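The structure appears below as structure tokens.
We name chains A, B, ... by the order of the sequence lines, and we start the count at 1 in each one. All of these numbers come straight from a predicted model, not from anything done at the bench.
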Amino acid sequence: MIDKTYQPSEVEGRIYETWERAGAFRAGRPERASAEPYSIVIPPPNVTGSLHMGHALNNTLQDILCRFERMRGKDVLWQPGTDHAGIATQMVVERQLMERQEPGRRDLGREKFLERVWAWKAESGGTIVKQLKRLGASCDWSRERFTMDEGLSRAVVKVFVELYRAGLIYKDKRLVNWDPKLLTAISDLEVVQVETKGHLWHIRYPLEGKTFDPNDQSTFIVVATTRPETMLGDAAVAVHPDDERYKHLVGKNVILPLVGRTIPIVADDYSDPEKGSGAVKITPAHDFNDFEVGKRHNLPQINIFSIEAKLSLKDNDAFLSGVTNPADLEETLAMHGLDRFVARKKIVERLETKGLLEKIEPQNHVVPHGDRSNVVIEPFLTDQWYVNAKELAKPAIAAVREGKTTFVPKSWENTYFNWMENIQPWCISRQLWWGHQIPAWYGPDGKVFVALNEDDAKTEAHEHYGKPTELTRDEDVLDTWFSSALWPFSTLGWPDETPELARYYPTSALVTGFDIIFFWVARMMMMGLHFMKEVPFHDVYIHALVRDASGAKMSKSKGNVIDPLHLIEQYGADALRFTLAAMAAQGRDIKLSTQRVEGYRNFATKLWNAARFAEMNACATQPGFDPKSAKETLNRWIAHETAKAVREVTEAILAYKFNEAAGAAYRFVWNIYCDWYLELAKPVLLGADNPAKKETRAMVAWARDEILKLLHPFMPFVTEELWAVTSAPPRDAMLALSNWPVFSFADERAETEIGWVIDLVTAIRSMRAEMNITAQIPLVLAAASDETKARAERWAEFIKRLARVSDISAAASAPQGAVQLIVRGEVVALPLKGVIDLAAERARLDKELARAEADIKRVDAKLANEKFVANAPEEIVEEEKEKREEALGRKAKIAEALERLKGAA
RNA sequence: GGGCGGUUAGCUCAGUUGGUAGAGCGCUUGCUUUACACGCAAGAUGUCGGCGGUUCGAGUCCGUCACCGCCCACCA
């Protein structure tokens, strides 16, 4: 006996265990050795993370694809794993140390600290995997990988070495985005621009050879800046070559205030006469644009900050060189060690007291912040490792252009091209400890040896120096995304030539959010093409963001985060999954509302109860039952409808239209199977035993089984449970490993016949509700065709039951004072003399008449239009003509009905 | 500044190649109809953001404007 109610929380865990025990999600199952492979690599969640709504959506969609393809008989590999998430994880552990008032990272030292991180990983690393299982993710967990696994680390080192040897990885001293809180370089992508209220300080730079006079403009030049503290590192002042105001000053020098260094005034196109004063200070060591200007004019790069973004002025040769006017340098040097923002204030104060500050304007501008640390990023001159992304991007761009990889929706390809075509060198070194340490060793003279391991590096060094030499390893680690970029092949065993690599690469599809197209998708394309000579995936399905019900991005700080696990507990994983799938329309964000989840929980319950109904009526799966051989019209009709649903769902999933697939399945189950098929089947099932009943029982069970299959990718738990509890006779396989429906069948005659029954019942019900009639009433077919009469006879029992009709008869015309309905062009009458309000009935018919007349008018207008008749496709014109006939007939019937009503009055 | 997306029923959103607008929720009314009240039945609600164009015909194609959102670039 199926339980009266379905309790997801009691079922889901057990079902998942059954799948795992059976190895249902294992790739390479022996019986599928010759099957077509289908593979997806999971976007690896942070190892210490926990499931949020974005994961829920992302993994639901992947699971739908994997379960669908698995049922279609493919050898599916859904490759799971987690990411070490360098910065994020290191931050978590550092915060933990601080909270527990334990020694910090630097006090612990690298080795001890890393032990702590591994311990943390061991402690919380399994959380996200457990949560993915609760969602129902059908990953092959036996193949779970971690980006810092031995194997994956080997891949990382090999990639680094090979790219280095190919000249595609190099070390360079240039400006990077420096995070003064995390004390590491970060890539352009990890910088977020934040709109900030700031100021524009206009500073007077005295001209060399003149006596500075605040009231005499010919003794100075004004520069404007939002970062006055950087002036200590100025190397020049630039003006536009065509700017008449400053032409005469080009080639002259100014004396840098507070420092006394003599710096030139140069002409450069970079200077924008419209901005600020038109003269711009050039600080090559602290501004990306100025860096370029500096190179053009051979200016010194004067770094004034330490790595903590504190002034480092003393013992700074570049800073002190060229000082020709040391008058107040001492006081400036006293600021050594000040934080950049404290220094800013102080410098402004000092400029002001000296009359060097012309004015301060309020100014809104965008300031770069670290996406993790949320502090202001400082452009900082350091040695870092870079990937020549421009070179690697070329084949990656071509592959998408040639259609080897396709984005869905296609519009994301523009985003991809736009970024790839303007790609900058990728800074991959991080001054962190948690991650893959860079395989580079330095000799005493700084000569670098990049090698797969220390021994190789030593051998190389021996050869180079002619003797054994002590080497020190580069302390930095690689950007987390460096190892993620290898994910589609590193997880399959590369650099070894494993059978898995041969079988599952390139992967079939990648499912991910648009926010990591640059971080991840683009880089996988580059690395995959370079090392595997093939794209990493055929399709890239880009889904949207999950927002809260009012459209705001979910964030902890806003407190609007909906916890998917909470929803799973409350409504079941199936309800959450179905909601996400149903709302996953391409190219649109998902605004999640709990009500919607509740609605799909109800859907699961509906399905459950339909199965209970089947069971109560002894509808059991009949092995070998062929739905196409059904004799009963009703059964042929549901076979017809099932075929339609199978087609719709299959096509929609193949097109990544998850919402359409979910919608088609939902409508079929609820509005076709439950609302009509089961209702119409009741008289048969409750009636005497006969062949029709036998067939109907088989068909009810067959359609239910097809429904379970169709819904399984969306609602794996409830369907698998129903598959099990309805398993008499026993099933050949669990649902997850059963065959996806392949069923085409059409029976237009059955469709017409059942359509007529539905229309008739609906019309009567509608009238009853409208006129507030609850009693059983007789039905009279007026001037009905023989076919209609025959139909009415065939379906009498059904009609009586569903429309609460006491008796069905035929007559030449409708009886006096009857309510008259038009069903498919014919009048059916419900004799209700004395019961109905004649005036109300007349009003109702008048309204219908008007509607019919309006329809005729509209169609006539169209058909009278010569251009329409001449230009519209024949079938459209034909359709219009049919509509006209139909409306004319309807109008006549209504008019007659009205006549008869008058007679009754 | 460059680019992308959105604007359709009270709310959240669908709408295939142009052929007289749909769903869920909510709302109204009526139902202990022996699977299901997480249910059944019936119903109401739209100048499809504005303007212009193409077309026999536009929610759908083109142009334009408005508002909302996102991405990229930008610390004078």
Could you tell me which residues satisfy side chain to side chain contact (heavy atoms under 4.5 Å, CB included) with [X], sequence neighbours excluded, listed by chain and number?
X: A:Glu361; value: A:Leu200, A:His202, A:Lys359
X: A:Glu878; value: A:Lys881, A:Glu882
X: A:Asn871; value: A:Lys867

Say you pick atom [atom1] in [N] and the same atom in [M]; how far apart are they, in whole Å?
N: B:G53; M: B:G69; atom1: C1'; value: 28 Å
N: B:U33; M: B:G39; atom1: C1'; value: 12 Å
N: B:A42; M: B:C51; atom1: C1'; value: 41 Å
N: B:C61; M: B:U17; atom1: P; value: 9 Å
N: B:G24; M: B:G43; atom1: P; value: 14 Å
N: B:C25; M: B:A44; atom1: C1'; value: 16 Å
N: B:C4; M: B:U45; atom1: P; value: 40 Å
N: B:G63; M: B:U54; atom1: C1'; value: 10 Å

Of the options [options], whose atoms approach the side-chain atoms of [X] most closely?
X: A:Ala872; options: B:G30, B:A42, B:G19; answer: B:G19
X: A:Lys682; options: B:A35, B:C75, B:C74; answer: B:A35
X: A:Asn659; options: B:G19, B:A14, B:A42; answer: B:A14
X: A:Phe518; options: B:C74, B:C72, B:G30; answer: B:C72
X: A:Arg596; options: B:C56, B:G24, B:C75; answer: B:G24
X: A:Asn865; options: B:G26, B:C75, B:C56; answer: B:C56

Legend entry - Residue pair A:His240 / A:Asp272, side-chain donor-acceptor N/O under 3.5 Å: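 Result is no, nothing qualifies.
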Legend entry - A:Tyr205-A:Asp234 side chain donor-acceptor pair, cut-off 3.5 Å: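 Checked: A:Tyr205/A:Asp234 side chains pair up, N/O donor to acceptor below 3.5 Å.
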Which part of the nucleic acid does [X] contact within heavy-atom distance under 4.0 Å: base, sugar-phosphate only, or nothing?
X: A:Val376; value: base
X: A:Tyr270; value: base
X: A:Ile377; value: base
X: A:Arg227; value: base
X: A:Pro368; value: base
X: A:Ser271; value: base

So which protein nitrogen or oxygen atoms get under 3.5 Å of nucleotides 37-40 of chain B's nitrogens or oxygens?
residue: B:C38; atom: O4'; partner: A:Asn602; partner atom: OD1; Å: 2.9
residue: B:C38; atom: O2; partner: A:Arg601; partner atom: NE; Å: 3.0
residue: B:C38; atom: O2; partner: A:Asn602; partner atom: OD1; Å: 3.3
residue: B:C38; atom: O2; partner: A:Thr605; partner atom: OG1; Å: 2.4
residue: B:G39; atom: OP1; partner: A:Asn602; partner atom: ND2; Å: 3.2
residue: B:G39; atom: O3'; partner: A:Lys606; partner atom: NZ; Å: 3.1
residue: B:C40; atom: OP1; partner: A:Lys606; partner atom: NZ; Å: 2.7
residue: B:C40; atom: OP1; partner: A:Trp670; partner atom: NE1; Å: 2.6

Inset, instruction - May I ask you to check if A:Arg601 and A:Tyr571 form a cation-pi contact, with NZ or CZ under 6.0 angstrom from the six-membered ring centre and within 45° of the axis? - result: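 No cation-pi geometry.
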Legend entry - Pairs flagged by salt bridge (charged side-chain N to carboxylate O under 4.0 Å, His left out) wherever residues 654-680 of chain A is involved - sequence neighbours left out: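 For residues 654-680 of chain A: A:Glu679-A:Lys682.
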Figure out the [atom1]/[atom2] separation between [X] and [N], and round it to whole Å.
X: A:Met583; N: B:C11; atom1: CE; atom2: C1'; value: 11 Å
X: A:Ile517; N: B:C70; atom1: CD1; atom2: P; value: 17 Å
X: A:Glu880; N: B:G19; atom1: CD; atom2: C1'; value: 7 Å
X: A:Met767; N: B:G30; atom1: CE; atom2: C1'; value: 14 Å
X: A:Phe514; N: B:G5; atom1: CZ; atom2: P; value: 13 Å
X: A:Lys862; N: B:A58; atom1: NZ; atom2: C1'; value: 12 Å
X: A:Leu678; N: B:A35; atom1: CG; atom2: P; value: 10 Å
X: A:Phe868; N: B:C56; atom1: CZ; atom2: C1'; value: 7 Å

Inset, instruction - Just jot down the salt bridge (Lys or Arg N to Asp or Glu O under 4.0 Å) partners of A:Arg704, sequence neighbours excluded, or say none. - result: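 A:Arg704 satisfies salt bridge (Lys or Arg N to Asp or Glu O under 4.0 Å) with no residue once adjacent residues are dropped.
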Inset, instruction - For A:Arg851, check salt bridge (Lys or Arg N to Asp or Glu O under 4.0 Å) against everything at least two apart and list the hits. - result: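 Per chain and number, A:Arg851 pairs via salt bridge (Lys or Arg N to Asp or Glu O under 4.0 Å) with no residue.
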Legend entry - Under-4.0 Å side-chain N/O to phosphate OP1/OP2 contact, A:Lys883 with B:G19: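 No, no such contact exists.
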Legend entry - Check: A:Trp412 ring centroid to A:Tyr416 ring centroid under 6.0 Å: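 Between A:Tyr416 and A:Trp412, which both carry aromatic rings, the centre distance is not below 6.0 Å.
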Legend entry - Residue met sooner reading RNA chain B from 5', once A:His202 and A:Asn418 are mapped to nucleotides: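 So the residue in question is A:Asn418.
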Legend entry - Earlier contact from the 5' end, RNA chain B, for A:Tyr666 and A:Asn289: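 Per heavy-atom nearest nucleotide, the more 5' residue is A:Tyr666.
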Legend entry - RNA chain B base-pair string [pairs: Watson-Crick or G-U under 3.5 Å; |: paired with another strand]: (((((((..((((.....[..)))).(((((.......))))).....(((((..]....))))))))))))....
Legend entry - Donor-acceptor pair, side chain of A:Thr762 and main chain of A:Ile758, under 3.5 angstrom: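 Yes; judged by distance alone, with no hydrogens or angles, the pair exists.
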N/O donor-acceptor pairs under 3.5 Å from side chains in residues 609-617 of chain A, not counting sequence neighbours:
residue: A:Asn609; atom: OD1; partner: A:Arg612; partner atom: NH1; Å: 2.9
residue: A:Asn609; atom: ND2; partner: A:Thr605; partner atom: O; Å: 3.1
residue: A:Glu615; atom: OE1; partner: A:Ile2; partner atom: N; Å: 3.0
residue: A:Glu615; atom: OE2; partner: A:Ile2; partner atom: N; Å: 3.3
residue: A:Asn617; atom: ND2; partner: A:Phe613; partner atom: O; Å: 2.9

